[in-house]
Enquirer: 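One structure, as structure tokens, below. Some questions next.
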Amino acid sequence: MTAGSDAVQDLLPLVFAAPNEALTKAESVLRHRPDPLHASVAHQVIGIWQRDFGDMRLALRHLRRARDWAARAGSADREADVLATLGVALVHSGRTRQGLDALGRGVRRGTGHTRARVLFRRAYSWWVLGHHKEALEDVRRAVPVLRQAGDVIWTARALTLRATVHLALGSVERAEADFASAEDLWAVTDQEHDKADAVESRGLAAFRSGDVPAALRLLDEAEERYAKLGTPTFMLSIRRCEVLMAAGLAAEALAEADTAIAELDSIGGQSTRKAELLLAAARAARQADDPATATVRAGLAVRLFAGQRRAWWEAHARLVLIGARHAAGTRSGRLVRDAAAVAERLVELGAPAAPEAFLLAGRIALDLGRTTDAERHLAVAARSRRSGPPLARMTGWAAQALRARAAGSTRGVLEACRRGLDVLDDHRMTLGASELRARATAQGAELAALAQQAALRSGGPRRLLVWSERWRATALSAPPTRPPADPELLSHMTAYREIAARAEETRMEGRPVPALEREQRRLERAIRSRTLHMRGEAHGDDTRIDVGRLLEQLGDGVRLVELAVVDGRVQVLLCGQGRVRRFEAGLLAAAETEAEHVQAGLRRLAHPGAQARLPLVEAAGRRLEELLLGPAAAHLGDGPVVIVPPGRLHRVPWALLPSLRERIVSVSPSASSWLRARETRPPWGGRQVLVRGPGLATGGAEVTRLAGRYGGATVLEHQDATVPRVLTELDGAGLAHIAAHGTFRTDGPMFSALRMADGPLIVHDFERLGRSPYRIILSCCDTARFATVGADELLGLVTALLPLGTAGVVACSAPVNDAAVVPLMLALHEGLAEGLSLPEALRDARSAMPDDALHRATGWAFTAFGAA
């Protein structure tokens, strides 16, 4: 390209259609001694590229040269256009006054069509600064002129900006209308960067309207488009952080924000974007219960926003900073005043976050006993309970619940909590992925705690049971959404199994596997991304427990023990014989510590020669019983016992507790899920499926013996035990027994797996079943381990099976000795052949084991879940 070419003028639209190509051509122009007009265009193109994708210092240097060359060219419109670009860059570099001055001069120098373009860029700068009224005014003046000139590209940009401003002010419907109009215009252009931005903007609109899966899908699509253009995605990272936090993925949001900040710093990027990323990181850290990190990030953001004269953003950063200090334990009248001042400022700015600030001010005032101040602030926050996005309405209901508690109204507290949790349920069931449903419950943790505290104070154990159930295992109330045909997801899962199998083989050969591990992580991200995009279809069962029906099903012989945790202490709700009784036990934190000691003891007892550890493990079991059951242990009767523990106690080996050791014991995530399991009917035909995975020390010896016992059972072993074949046979089976190596993934519980011949059978695979087996026995290590997420939810192999039709599971919560598992499993199946349930057969199988430490520990490590 030569300096005299007419194509030089085309570089400005090209920088947004193909940024890297435009940069190369602009640099070529400057090498050929162009005239002042073309030199101005080339420097402006390079300045735009550096402003948006590179070093702000270089951007300002080139844009000032572009301004000087435009002045030499004697073109007022050319000079106005460059001044607008320079003004935006100055604003992004934190030089707000200089930037607005340049934009103002551009508006005065430009005429007609050019002036409208300058007005658009000044409106964009107003939006960056948080001056939404001024932004809307400039866009209002620009759009008619751009339309009259037939400028499709700039009209679409202006409509997109106006929509974004509407979203900031909470006007979702107006925003969606403008986004739709802009997208129609983009469809007839080749502006690929702007098209990607339009997809990103639609993702933001979907999020604001409450559709988290659609938001994640659109943001991922936008990222793919940006990647093809080779452009950074700092604004997209900011928006994705917001969506991830709403989905309960705060730790991921924090990691994304911190990564983006480091990348921005490495290229000397926009100061405005850095401030916004710091705010996103602070919010994520606060949600992730890391107030120290939140305080540091928010403090930096406040200072940057203040220096950039961005009052809107500064107010939001101050809100996070005050919340982080409160979470860290700060209580003072000054903090109340600061929170109230931020709340009033947010009201002045028209920010939807104002109720959140009033709630914070009211909460701090309550902590200090200032009930009059608290009522004033909470009353304002409570107004948001009637309208707006789900999380905003939940803020309002939380404020209303706190008002009722301060007024001494138990009824008012429970009504507000009920309404708030109903809002959360509606939001949660729009999520198709079970992981998102589970994590989203964190948003209602405060409401649940307030309700349980009120129920405990009111003195009725039935009421406490109802509220404990209201908040327990909500993710299991309906199966996850399964796309009937998603070729891309299936392709990713097949590739994942192949790579994981190759990595395992390579490790066994003692060779390094970094390349395979990188590809495995990439595929995990792709699989997870596809599942998070799924929108919920089922409304789920009513999560409200019918206590009368529960007591009727329990009868006189069975006891159900639900453990509720209120203010850190275990409350034992003993159900049976037509009544619910409450007993107070120990501290949850102490029980968790003791459970970890027990797990460590069981791991040691899985190896021969650890007999001396047995008395220590048994003593720990006695301490656990005192902490978890307390005086209720003496009132369990002689019949079967169903344990309903909170999520944080999922690793307790219940059969180790002295009062449960000789009993028929089963565990259930909730009383509601136990009722569902009890009422689940076995499938017609009752097929048996026996699976033997590779690499077991015993070769899966029990499978060979069981094959002879069951006669017509389907046996999958060696090369027949592939994931597709196993899933086909498991679907709708009456009984399944899987002997395979199990792996629990603390970093990604949905990738916890059983090793098959062709690679791992993961939780995501189980969720593709139409109906999981009525009964399933997992004679594998760590299959009863879970990750605790959200408020009180569990993710793992067992929790994937229960919503899909499985009524009973036997699984293991610790590493076990393969050889000792074989006689236990054979004895278990003997009991099933005699017509016993899984809990009954497991109890008898333990009794039939040799009385040495190895076999006793093996029996304790296995738990029966459900009611079949």
Enquirer: Look at Glu314 together with Arg318 and state whether they make a salt bridge at an N to O cut-off of under 4.0 Å.
Expert: yes
Enquirer: Can you measure from CZ (Arg202) to CG (Leu218) and round to the nearest 0.5 angstrom?
Expert: 5.0 Å
Enquirer: Judged by modelled atom types alone, do Trp69 and Asp35 share a side-chain donor-acceptor pair under 3.5 Å?
Expert: no
Enquirer: For a 4.5 angstrom cut-off between non-hydrogen side-chain atoms, does Ile46 reach Leu23?
Expert: yes
Enquirer: Scan residues 232-283 for pairs that pass ring-ring contact (aromatic ring centres under 6.0 Å, His included), counting only residues two or more places apart or in two chains.
Expert: none
Enquirer: Side-chain polar contacts of residues 171-178 - donor-acceptor pairs under 3.5 angstrom, sequence neighbours left out - could you list them?
Expert:
{"unit_1": "Asp178", "atom_1": "OD1", "unit_2": "Arg162", "atom_2": "NH2", "d": "3.0"}
{"unit_1": "Asp178", "atom_1": "OD2", "unit_2": "Arg162", "atom_2": "NE", "d": "2.8"}

Enquirer: Between Lys25 and Glu21, is there a salt bridge with N-O shorter than 4.0 Å?
Expert: yes
Enquirer: Can the ring centres of His92 and Tyr124 be said to be less than 6.0 Å apart?
Expert: yes
Enquirer: Compare all side-chain heavy atoms of Phe16 with those of Asp52 and state whether any distance is below 4.5 angstrom.
Expert: yes
Enquirer: Do the non-hydrogen side-chain atoms of Ser181 and Leu185 ever get within less than 4.5 Å of each other?
Expert: no
Enquirer: May I ask you to decide whether Arg121 forms a salt bridge with Asp138, counting only side-chain N to carboxylate O separations under 4.0 Å?
Expert: no
Enquirer: Just jot down the ring pair (Phe, Tyr, Trp, His ring centres under 6.0 Å) partners of Phe120, sequence neighbours excluded, or say none.
Expert: Trp154
Enquirer: Just verifying a value: how many Å separate Arg122 CZ and Leu129 CG, rounded to the nearest 0.5 Å?
Expert: 12.0 Å
Enquirer: Among Arg117, Gln44, Arg115, which residue meets the side chain to side chain donor-acceptor pair (under 3.5 Å) test with Asp81?
Expert: Gln44
Enquirer: Decide side-chain contact (heavy atoms from CB on, under 4.5 Å) for Leu86 and Gln98; before the verdict, give the C-alpha distance in whole Å, the side-chain angles of both, and the deciding distance to 0.1 Å.
Expert: CA-CA 9 Å; Leu86 175 61; Gln98 295 178 38; over 6 Å; no
